[in-house]
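Some notes on the structure that comes next.
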Amino acid sequence: MTQAGQWTRAPAAGRLAASVHLMVDPAARETTMTARDIIASSTPPSAASRQGEETPLHRRNILVGFLFGCGIVAFLDEAVFHQLLHWHHFYDRSTGAAGLVSDGLFHAFSWFATVASLFLFADLRRRRAVRTRWWVGGILVGIGTFQLFDGVVHHKVLGLHEIRYGVDLLPYDLVWNGAALAFLLAGLVVLRGALHDHQRNR
Amino acid sequence: MSLTARIPEAVPYALQHHPPGAAGPSPGTAGDVAAQIAVVLLWLAVAVAYLVAGRVAVLRGRTAWPVRRTVSWLGGAGFGLVVTTGPVATAAAASLTVHTAVHLVLGMLVPLLLVLGAPVTLFLRAVPARVGRGYSRAARARPLQALAHPLTGLLLTSVPLAVLYWDGTMLPLLHHPVLGPLIHVHFVAAGTLFAYAVVGRDPHPRRASPTLRGAAVVASIAVHGIVSKHLYSTAGVQAARADVEQAAQLMYYGGDALHVLLLVAFCAGIYRRTGRNPGIPTGRARLGGLPGRVV
């Protein structure tokens with residue numbers, strides 16, 4: 001029996017209280033403890049403690065997906081636009097120090113996120129806590145956020161490099177940032193659907 | 001050549017090596033051959049010492065030693081040998097790109113492989129308990145603890161890297177007859193210290209938190225990226241522009257490739273450790289625990 005199975009056997013009131021508090025207001029540690037106490041009062045102690053661990057792992061699917069999304073979009077950017085198309089320049093020599101540092105840090109973060117998110121996913125599998133919809137939603141939000149940041153802050157604010165050189169940039173910028181927004185919205189829709197189902201099934 | 005000597009920018013990188021009238025061995029002389037033999041013997045000693053320690057440990061009854069550790073250590077010594085002698089060393093003297101490849105191997109790949117060989121664990125298995133306790137006491141000393149901190153390793157690897165490759169003006173140092181080889185030694189030593197602090201499999205008197213070690217790895221990747229792009233940006237004013245541009249890109253992408261190995265080692269270490277922790281309920285924990293090796 002998986003942990004998810006144990007979840008569904010818990011009394012309805014406690015489950016709903018716990019899920020609503022944790023999903024709507026992740027920062028509400030005090031309420032979480034109260035919700036957990038409600039469950040603890042109506043279920044055996046061992047099951048209650050496992051349920052206490054279950055919900056943060058549940059939410060972690062979004063974070064793991066988000067990190068993977070950031071990593072994968074940075075990797076594709078590097079592979080497709082820098083290496084295959086040669087649209088982006090490695091460095092176009094017009095960048096200030098802030099752009100260089102920001103680019104370096106974000107590159108390092110995305111590289112770290114790629115590897116770490118895969119290990120975190122393996123950890124979720126090991127704990128039988130993978131929730132595919134939350135994870136996929138997280139990936140889409142991660143892709144959208146990172147691409148939007150790249151398109152707005154790196155390309156425009158810091159002027160690190162452009163999408164392509166020697167062409168009218170407007171269509172490229174619109175497609176780039178439009179795609180980013182589409183990914184972001186798709187991710188939010190997936191997450192919203194997952195949350196709805198999650199609450200209905202409780 | 002003095003420490004502060006600046007080669008005029010018109011002199012290509014290849015000519016900066018063995019400039020006319022410079023002190024030190026030049027190819028083919030007796031001194032050069034002796035230096036090459038010394039380097040070969042050094043790497044062989046590194047490999048043989050590990051094998052001897054493994055044999056001693058077996059004779060002392062500690063027979064279970066994962067073969068991947070031996071492979072890792074010998075691989076580290078082998079890569080070190082290949083890039084510091086023979087044709088690669090000769091090519092590195094003439095081309096900054098080849099030199100960068102050598103530096104990547106010496107500063108990142110060799111240290112990681114050596115550290116994954118768990119030499120301290122092997123040493124502790126090979127020596128009597130009394131000596132091992134003496135080592136543990138010595139390793140707990142404050143200065144050594146500070147040295148084994150991830151931030152120390154980060155500074156010792158990143159600062160010389162940034163100084164040396166920032167804008168190309170320090171590159172002539174690499175051809176200094178004494179400082180050149182010393183820089184290589186420093187990169188191996190500092191890289192090993194950093195790898196030990198962030199992904200070391202060996203016992204550590206006070207291992208830093210995963211967050212701090214992860215941040216140190218991220219900072220190390222960022223420094224690599226920033227320095228290589230800045231070097232690339234200054235290539236326009238360098239003599240051998242194509243060479244410098246290529247070297248900078250190799251530093252960037254090669255550094256990424258090798259940093260992935262460091263990241264995988266880092267994450268795999270945490271993954272295995274958290275799986276072993278009985279306090280965290282895992283899927284298989286209730287079925288009798290995850291398979292995991294202790295030491």
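We name chains A, B, ... by the order of the sequence lines, and we start the count at 1 in each one.
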Atom of A/Asp123, atom of B/Thr274 and distance for their closest heavy-atom approach:
OD1-OG1, 4.5 Å
Which atom pair, heavy atoms only, marks the closest approach of B/Ala222 to A/Leu105?
CB-CD2, 3.8 Å
Please report the interatomic distance CZ(A/Phe112) to SG(B/Cys267), rounded to the nearest 0.5 Å.
5.5 Å
Under a 4.5 Å heavy-atom cutoff, which of B/Val223, B/Leu263, B/Asp256, B/Ile270 has the most pairs with chain A?
B/Asp256
Report which part of B/Ala219 has an atom under 4.5 Å of a heavy atom belonging to chain A: side chain, backbone, both, or neither.
neither
Crowding at CZ, B/Phe79 (>12 non-hydrogen neighbours, <6.0 Å)
no
Whether over 12 other heavy atoms sit under 6.0 Å from A/Phe121 CZ
yes
As a quick check of understanding, evaluate side-chain contact (heavy atoms from CB on, under 4.5 Å) for A/Val115 and B/His259, giving each step before the final call.
CA-CA 10 Å; A/Val115 178; B/His259 269 124; over 6 Å; no
Aromatic rings B/Tyr271 and A/Phe119: how do their planes relate, parallel, tilted or perpendicular, breaks at 30° and 60°?
perpendicular
